[in-house]
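Just so we're on the same page: letters track the sequence lines, and every chain starts at 1.
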Amino acid sequence: MASAPAPAPADLPPWLQGLNPPQRDAVLTTEGPVLILAGAGTGKTKALTSRLAHIVFSRLAWPSEILAVTFTNRAAREMRHRMEVLVGDLAEGLPFLGTFHSIAARMLRRHAGLVGLDSNFTILDTDDQLRLLKQVVIEAGLDERRWPAKQLAGHIDRWKNRGEIPAEVPPGEAMSFGEGQANGAKLYARYQERLRALNAADFGDLLLHMLTIFTEAPDVLADYQRRFKYIMVDEYQDTNVAQYRWLTLLAGARHNIACVGDDDQSIYSWRGAEVANILRFERDFPGAKVIRLEQNYRSTSHILAAANGLIAHNKGRLGKQLFTAGSAGEKIAVIGVWDGPEEARLIGDHAERRAREGASLNQMAILVRAQFQTRELEDRFIGIGLPYRIVGGFRFYERAEVRDALAYLRLIVSPNDALAFERIVNVPKRGLGDKAMAALHAAARSMDRPLPRAAEAIVETPALSPAARRSLKTLVMDLDRWRALAETTPHPELARIVLEESGYVAMWQADKSAEAQGRLDNLIELTRAMEDYPSLTGFLEHVSLVMDNDASDATEKLTIMTLHAAKGLEFDHVFLAGWEEGVFPSQRALDEGGAKSLEEERRLAYVGITRARRTATITHAANRRVYGQWTAAIPSRFVSELPLDHVEVTSTLSGGPSLWRAALQGEVDPFAHVGRGTGRGPGWERAAGGFGAARNTAPAIDVKASAVSVGLRGRADVKLGARVFHSKFGEGTVIGIEGNKLEIDFPAAGTKRILDSFVEVRP
DNA sequence: TGTTCACGCCTTTTT
DNA sequence: GGCGTGAACA
């Protein structure tokens with residue numbers, strides 16, 4: 001195919017127009033395994049979509065015979081949209097274009113019986129998962145303060161990401177949570193049993209169960225292998241082990257798999273992603289064709305060169321050298337400011353200036369490392385009336401009122417949904433508190449019925465107080481009535497009726513707090529969103545898997561989002577805020593992950609810079625408030641790793657701390673300094689809770705190794721027996737150390753406490 | 001059963 | 001600095 005003479009551009013179908021030779025190669029190579037190594041801004045999504053269009057249009061396969069997987073719903077949506085533009089109705093459906101999770105969920109519904117679930121199983125979100133795990137931890141007789149459910153959730157997540165069922169958990173890891181027989185693996189097994197009993201699956205299960213099914217029911221696997229003539233994967237560097245196994249099993253003997261990825265943009269290892277998957281592609285699929293896309297069409301050459309120079313500090317890369325034929329543009333601006341509010345002010349000013357010069361706010365973005373950074377920006381933009389949108393963060397479908405409403409609806413669709421029932425049984429207050437719930441749980445156990453079913457039965461017995469019985473009976477009857485109503489009423493209308501009749505709306509109307517009105521608005525928005533779906537079941541399925549609702553509106557807005565959320569996007573003007581040691585790279589990455597996670601942070605920086613088409617502005621503040629404490633900061637090491645030729649460094653500081661300025665200019669090594677904070681007089685060194693960087697004093701930077709985390713900036717060396725001071729308990733002695741936590745005896749206060757902050761240590 | 005208050009935790013990143 | 005949780009109290 002590649003050897004065919006290239007037709008004149010006018011004869012080319014739309015999906016082959018405007019492609020450079022490697023891109024065209026990627027589109028036209030339709031047989032055998034293909035790995036497309038594509039750098040940032042090289043048009044990899046374009047190449048992949050064009051390939052899809054080519055296959056469909058050339059009738060190499062029907063749309064239903066193509067599996068096209070993305071990580072985010074946004075990417076799937078985009079690809080579908082582009083397909084519609086390219087091949088119109090031919091792209092209709094593409095039933096297997098979606099995220100890993102959504103496709104796995106659809107498959108699992110079909111074969112749920114093979115893993116002991118009904119096809120209408122509920123998909124738990126993080127919140128449900130956590131509540132269930134908490135129950136499991138408590139039932140196992142563990143102290144949930146010492147063994148937080150959240151931590152167990154983390155372990156289980158990791159195991160599921162690796163495709164490990166409880167029996168496959170490595171013994172060493174099993175013991176890293178819990179004690180004796182109540183260890184991590186045992187609790188994991190118990191949790192899986194509970195899920196099955198509840199007819200529920202969590203996110204990780206969607207893939208894990210499919211792996212189990214593929215292994216135990218080879219005919220099911222063979223069926224899918226026959227069906228999928230082509231498999232395409234976007235962002236392959238982000239696949240975790242479970243996803244990788246799922247893909248390789250499906251690719252089966254055909255090996256007709258095309259993966260697009262960029263090892264330099266691998267930023268999800270914390271979610272179980274293994275860059276190794278992309279590195280071993282050629283071994284997994286012998287004869288694989290590797291196509292490199294290296295021409296960047298997005299950014300100016302200054303921006304690209306700066307990004308290239310930064311990422312070159314990483315070792316263990318597949319190595320690409322991106323180039324552009326574009327103009328030089330402006331150098332990357334690096335601006336140092338005094339503190340967080342000033343940073344927000346500066347970015348706001350710059351954005352407004354660009355807007356006055358004719359740039360669209362829609363084409364500007366502020367990219368931050370962590371959500372907490374958005375707050376100061378928001379404060380400022382509200383103040384000056386600059387329209388902005390925050391992507392991510394508190395998600396619509398995770399808001400309490402939305403989840404409550406959804407629980408009511410779930411209960412109508414699935415009368416056995418115990419978790420939904422528990423959530424709303426006393427919301428609004430119905431006088432069904434702990435005592436009533438304990439009785440209900442006991443009844444459910446003895447009757448061996450799901451909680452909501454037990455509730456139906458218990459209202460006829462004397463197990464509850466008369467008041468509670470009446471109240472519960474009303475709820476049970478209401479639910480029955482709503483279920484009947486669901487047969488005849490359009491679902492958005494049904495939702496409105498349910499929220500009204502249950503007293504839920506009234507509850508918020510009676511609430512005088514500031515956010516009550518917002519919550520009511522959210523409920524209205526929820527019922528409105530339901531109109532976009534054909535049925536209640538369809539809507540609920542959508543909600544559990546598609547957690548983003550990009551409310552698109554017409555007004556131009558500046559976007560604020562995390563670097564992670566920005567992957568795959570591009571903007572004319574990008575502001576990269578908070579480039580300070582401890583913020584970016586994050587303290588956690590520095591403390592825990594060693595060189596490996598520092599490299600991931602650097603890739604994140606690379607992703608950030610390469611989002612920019614025309615200008616990139618990096619800012620860093622000398623002082624930042626963390627947990628309400630002022631903390632001194634030095635510029636991120638990534639700043640100094642940018643090649644000087646492509647960077648313009650300025651500082652708005654005039655009388656700032658001399659060490660900080662010197663560090664910024666590279667005259668001193670800030671890490672060589674051990675700081676003194678605003679401790680409690682002579683002899684006391686501030687060891688935790690931040691250094692309280694008072695103006696006109698040198699910032700305190702203590703990077704000595706060891707036990708106690710000191711705010712966001714460093715650590716202090718604490719040993720057993722160390723004398724400490726606590727603002728409330730007075731003087732004390734360290735009698736135990738575990739990780740970042742100190743056990744401290746405060747004789748004066750007559751108490752022992754486990755603390756990890758707000759302690760001062762005498763060196 | 002509901003309300004208040006104090007403590008401690010939080011700030012990575014997401015399907 | 002803000003929020004959720006859990007213990008103590010009404």
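At least one side-chain heavy atom of A:Leu377 sits under 4.5 Å from a side-chain heavy atom of A:Val368. When side chains are defined from C-beta on, A:Leu108 counts as touching A:Val115, because their heavy atoms get closer than 4.5 Å. Contact check for A:Pro341 versus A:Glu343: no side-chain heavy atoms found under the 4.5 Å cut-off. At a threshold of 4.5 Å between non-hydrogen side-chain atoms, the residues A:Phe584 and A:Leu563 count as touching.
Rounding to whole angstrom units, CZ of residue A:Phe100 and P of B:dT14 are separated by 18 Å. Between A:Trp270 atom CH2 and B:dT13 atom P the separation is 8 Å, expressed in whole Å. As rounded to whole Å, 16 Å separates atom P of B:dT14 from atom CG of A:Asn240. Put simply, CE on A:Met561 is 20 Å from C1' on B:dT11, counting in whole angstrom units. Protein atom CZ of A:Arg588 is 9 Å distant from nucleotide atom P of B:dT13, rounded to whole Å. Distance CG (A:Asn161) to C1' (B:dT15): 10 Å, rounded to an integer number of Å. Protein atom CD of A:Glu601 is 13 Å distant from nucleotide atom C1' of B:dT11, rounded to whole Å. In this structure, A:Arg624 places its CZ atom 18 Å from P of C:dG1, rounding to the nearest Å.
Between A:His564 and A:Ala468, it is A:Ala468 whose nearest contact on DNA chain B lies nearer the 5' terminus. Each of A:Ser586 and A:Asp157 has a nearest nucleotide on DNA chain B; the 5'-most of these lies closest to A:Ser586.
For the OP1/OP2 pair of C:dT5 and a distance below 4.0 Å, the side-chain nitrogens and oxygens of A:Lys134 include no atom meeting the criterion. Within the 4.0 Å cut-off from OP1 or OP2 of B:dT15, not a single side-chain nitrogen or oxygen of A:Thr70 is found.
Counting only heavy atoms from C-beta on, A:Lys429 has its side chain closest to B:dG2 among B:dG2, B:dT11, B:dT15. Of the candidates B:dT11, B:dG2, B:dT15, the closest approach to any side-chain atom of A:Lys150 belongs to B:dT11. Side chain of A:Arg375, nearest nucleotide from B:dT11, B:dT15, C:dG2: C:dG2. The side chain of A:Arg625 has C:dG1 as its nearest neighbour among B:dT13, C:dG1, C:dG2. You'll find that the side chain of A:Phe203 is closest to B:dT15, out of C:dG1, B:dT11, B:dT15.
Judged by ring centres under 5.5 Å apart and planes tilted less than 30 degrees, A:Tyr268 fails to stack against the six-membered base ring of B:dT13.
Nucleic acid contact for A:Phe71: sugar-phosphate only, since backbone atoms but no base atoms lie under 4.0 Å from a heavy atom of the residue.
Between A:Tyr236 and A:Asn277, the side chains place no donor N or O within less than 3.5 Å of an acceptor N or O (distance only, hydrogens not considered).
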